[in-house]
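Input: a single structure, listed below in structure tokens.
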Amino acid sequence: MKRQRARAQRRAAAGSRSSREITLPLPLRGLFVEAKSAQVSNLFAAELHNWRSNGVSLVLRPGVVWQGEPSGVIQRVPYEFGRNPRWIEITATGASCGAAEITRLFGGNAMVAEISSNIILADGFGAPVRFNGTEFQESAFSTVTGANPARFDGVISHHDRLYFWRSGDALEFYYGDVGAVQGGLARFPLDRLGNITGSIAAMVSLTVDAGHGMNDMLCIVTTTGHLVLYEGLDPGDASDWRLSGRVRAAAPIGPLAFTEVGSDAWMMTAQGVVSIGESIRSSVLALVSDITAPISDEITAAVDEGTGVWRMFTSPDGAMVLISRAVGLEARQWVFYTKSKSWATADLPARDWHAFNGKPFITGFDGRLGTIASRDSGEMITARWVSSWFEAPGVSGVAYLVPTIRAQGPLTVKVTLLSDTRDSAADIAEAEQTVTLDPEEDDGGIVTLSDEIVTDAEGSRFQIIIEVTSAWSELISLKAAVV
């Protein structure tokens with residue numbers, strides 16, 4: 001009722017007051033969660049969900065083109081050796097690639113290493129599995145210490161040598177011969193270092209400046225947040241293997257919460273995103289704070305909930321770096337778009353993320369393979385922008401808003417302009433204005449919205465909410481008629 005009275009008053013006063021159009025800035029610098037409770041630049045958004053900034057306008061996030069039918073696939077691994085790249089598909093009871101298959105229990109979180117044209121899978125559910133492009137085999141690894149290779153759930157290939165470990169177990173790793181995909185494994189204990197605690201959470205290959213040029217090094221990350229750096233080619237040769245550094249950083253939130261970003265590697269921790277490379281160079285914990293500050297509060301709160309599977313992923317072209325959290329059959333991503341240096345959130349239904357043939361893919365919760373497509377997916381996506389509260393000095397109200405939006409196919413736009421922080425949910429719902437456009441072409445052509453959307457906001461402090469549903473759309477500009 002409050003807003004109905006305001007509309008009536010505005011119509012009654014329309015003849016005695018004039019308005020002028022001004023251009024309102026779009027949040028081209030992306031998401032900044034502090035904008036929910038603090039007054040920040042309008043170049044930031046309090047919420048920016050399923051939008052992405054290209055530095056000039058807001059564009060709907062990429063959609064997903066799904067392939068095949070729902071299946072029991074819980075993990076996919078690219079096999080890209082040779083001229084015929086293809087997928088290894090893993091279910092709870094086996095793995096297959098074309099006609100090749102193996103029966104074995106899998107948990108959907110196998111660690112992967114590439115060596116000598118082989119893919120090695122290790123997850124602690126049985127002996128490490130290798131695929132050579134033709135057939136699967138359980139690799140016949142052995143140790144002289146009594147450690148069972150079937151319990152190894154971590155593997156990495158570094159300098160053409162396999163390294164294995166067991167998370168939650170002794171602080172040690174095992175390594176094979178150069179190029180070997182089976183055979184004896186030698187033990188390398190880390191507890192000899194004395195003040196290194198926890199167990200191995202992950203190993204990461206890094207290219208860092210060790211003070212005498214750029215070198216490929218092996219970084220061992222423990223569950224308590226220690227980073228242990230070794231350089232050299234052979235852990236069994238003291239003349240070709242040396243401890244290069246130790247840093248106390250922060251504990252990773254899981255074995256999949258790592259991603260390569262250029263020559264660096266980032267890991268997700270309870271304290272935020274950590275640059276492993278910078279932590280090593282500076283010998284102290286180095287949060288990627290200059291980049292992740294806009295989302296740090298929201299990320300930290302999500303980590304504190306203690307649920308979900310966390311992953312990090314960098315697209316093959318380096319255009320986006322994302323942090324993904326899956327809870328049950330739902331996922332949420334925080335996406336950093338490197339070109340515009342801006343953050344947004346997204347809700348792609350991804351169990352897992354992959355780089356294959358230079359393109360990003362996902363495995364859905366229903367087992368299907370999904371291709372990330374910029375605008376031809378046909379998926380109807382709802383994107384939402386909520387601005388911070390902003391001041392407009394000398395203004396007593398807004399008569400209408402004019403968003404300019406281009407879209408492919410049907411378009412639904414909901415616009416809300418608030419002027420009172422005390423507005424109830426009913427007030428907000430009453431203020432919402434909805435516009436729907438359908439293309440004239442039968443095949444779903446381009447539509448453009450640039451209509452005046454009447455508002456009833458009185459005052460000089462406002463918040464804008466724009467929600468768009470379409471297969472593809474671009475928010476080009478936003479104007480307001482102020483009085």
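Atoms considered below: every heavy atom in the structure, side chains included; atoms not considered: hydrogens, waters and symmetry mates.
For the atom pair Arg29 CZ and Trp343 CH2, the distance stands at 15.0 Å (nearest 0.5 Å). Between atom CD of residue Glu21 and atom NZ of residue Lys479 there is a gap of 5.5 Å, rounded to the nearest 0.5 Å. Here the CG atom belonging to Leu348 is positioned 5.0 Å from the CD1 atom belonging to Ile372, to the nearest 0.5 angstrom. One distance of note links CH2 of Trp334 with CD1 of Ile295; it measures 7.5 Å at 0.5 Å rounding. For the atom pair OG1 of Thr292 and CD1 of Ile299, the computed distance is 8.5 Å after rounding to the nearest 0.5 Å. In this structure, OG in Ser244 is found 11.0 Å from CG in Leu218, a value given to the nearest 0.5 Å.
Scanning all heavy atoms of the two residues, the minimum distance from Ser324 to Ala331 falls at OG-CB, 4.5 Å. Of all heavy-atom pairs between Ala46 and Lys36, the closest is O-CE, 3.4 Å. Closest non-hydrogen pair, Asn42 versus Ser388, comes out as OD1-OG, 3.7 Å. Contact record, Ala95 with Ile88: CB-CG2, 4.4 Å, taken as the closest heavy-atom pair. A pairwise comparison of heavy atoms in Pro78 and Phe356 identifies CB-CD1, 3.4 Å as the closest pair. When all heavy atoms of Gly409 and Val447 are compared, the pair lying nearest together is O-CG2, 3.6 Å.
Using a 4.5 Å heavy-atom cutoff, the side chains of Ser19 and Val482 are not in contact. Looking at Leu24 and Ile464, their side chains come closer than 4.5 Å, going by heavy atoms from C-beta outward. Under the 4.5 Å side-chain criterion, counting only non-hydrogen atoms from C-beta, Val112 is not in contact with Val155. Taking the side chain as every heavy atom from C-beta outward, Arg52 and Met320 never approach each other to under 4.5 Å. Between Arg351 and Ile74 there is a side-chain heavy-atom pair separated by less than 4.5 Å. The closest side-chain heavy-atom distance from Leu60 to Ser473 is below 4.5 Å. Residues Leu411 and Thr436 fail the side-chain proximity criterion, which asks for heavy atoms closer than 4.5 Å. Side-chain contact between Val468 and Ile405 is present, with at least one heavy-atom pair separated by less than 4.5 Å.
A donor-acceptor distance shorter than 3.5 angstrom exists from the side chain of Thr455 to the backbone of Val398, with no hydrogens or angles considered. Proximity of a side-chain donor or acceptor of Asp366 to a complementary backbone N or O of Arg368 within less than 3.5 Å is detected. Asp123 places no side-chain N or O within donor-acceptor distance of the main-chain N or O of Phe106, the cut-off being under 3.5 Å. Between the side chain of Ser275 and the backbone N or O of Glu278, at least one donor-acceptor pair lies under 3.5 Å. Of the possible donor and acceptor atoms, none in the side chain of Asn357 sits under 3.5 Å from a partner among the backbone N and O of Lys359. Under a 3.5 Å cut-off, the side chain of Ser167 and the backbone N or O of Ala201 do not form any donor-acceptor pair. Panel note: side chain Thr416, backbone Ala431; no donor-acceptor pair is recorded below 3.5 Å. Side chain of Arg86 to main chain of Asn84: a donor-acceptor pair is present (N/O by atom type, distance under 3.5 Å, no hydrogens or angles). The backbone N or O of Ser53 lies less than 3.5 Å from a partner atom in the side chain of Ser340, making a donor-acceptor pair. With hydrogens and angles disregarded, a donor-acceptor distance shorter than 3.5 Å links the side chain of Thr338 to the backbone of Ala319.
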Take Glu474 and Ser57 through the test side-chain hydrogen bond (donor to acceptor under 3.5 Å, both in side chains) and record every step on the way to the result. CA-CA 7 Å; Glu474 178 182 17; Ser57 60; 2.6 Å; yes

Run Ser450 and Thr404 through side-chain hydrogen bond (donor to acceptor under 3.5 Å, both in side chains) and show every step you take. CA-CA 5 Å; Ser450 56; Thr404 300; 5.4 Å; no

Begin from the C-alpha positions of Leu121 and Ile90 and carry the test side-chain contact (heavy atoms from CB on, under 4.5 Å) through to its verdict. CA-CA 10 Å; Leu121 306 173; Ile90 300 173; 4.0 Å; yes

Given the rule in the side-chain contact (heavy atoms from CB on, under 4.5 Å) test, do Met312 and Leu322 qualify, once you have shown the distances and angles that lead to the verdict? CA-CA 6 Å; Met312 295 189 72; Leu322 63 85; over 6 Å; no

With side-chain contact (heavy atoms from CB on, under 4.5 Å) as the criterion, how do Thr421 and Trp389 come out once you've worked through the C-alpha distance, each side chain's angles and the decisive distance to 0.1 Å? CA-CA 9 Å; Thr421 57; Trp389 285 91; 3.6 Å; yes

Arg406/Ile476 under side-chain contact (heavy atoms from CB on, under 4.5 Å): CA gap, chis, key distance, verdict: CA-CA 8 Å; Arg406 294 177 68 247; Ile476 299 171; 3.4 Å; yes

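In this structure Arg332 satisfies the side-chain hydrogen bond (donor to acceptor under 3.5 Å, both in side chains) test together with Glu298, sequence neighbours excluded. Take Thr314 and apply the side-chain hydrogen bond (donor to acceptor under 3.5 Å, both in side chains) test, not counting sequence neighbours, and it matches Thr259.
With respect to Glu379 and Arg61, a salt bridge is recorded, a charged nitrogen being found less than 4.0 Å from a carboxylate O. Between Glu305 and Arg325 a salt bridge is recorded (basic side-chain N to carboxylate O distance below 4.0 Å). Using a cutoff of 4.0 Å between basic side-chain nitrogens and carboxylate oxygens, Arg311 and Asp352 are scored as salt-bridged.
Here side chain to side chain donor-acceptor pair (under 3.5 Å) pairs that include residues 63-74, with residues two or more places apart or in two chains, are Gln67-Thr371.
Residue Thr363 is tested with His354, Gln75, Glu89 for a side chain to side chain donor-acceptor pair (under 3.5 Å); the sole match is His354. Partner of Trp51 under the side chain to side chain contact (heavy atoms under 4.5 Å, CB included) criterion, out of Val59, Leu31, Leu58: Leu58 alone.
Asp216 and Thr207 are linked by a side-chain donor-acceptor pair at a separation below 3.5 angstrom, with hydrogens and angles left out of the test. In the model, Asn50 has a side-chain atom that pairs as donor or acceptor with a side-chain atom of Asp347 under 3.5 Å. In this model, no donor atom of one side chain and acceptor atom of the other lie less than 3.5 Å apart for Tyr400 and Gln433.
Within 6.0 Å of CD in Glu467 there are more than 12 heavy atoms belonging to other residues, nucleotides or ligands.
The aromatic rings of Trp87 and Phe361 lie perpendicular to each other, with more than 60° between the two planes, well past the 30° mark. Relative ring orientation between Phe131 and Tyr79 is described as perpendicular, the plane-to-plane angle rising above 60° on a 0-90° scale split at 30° and 60°.
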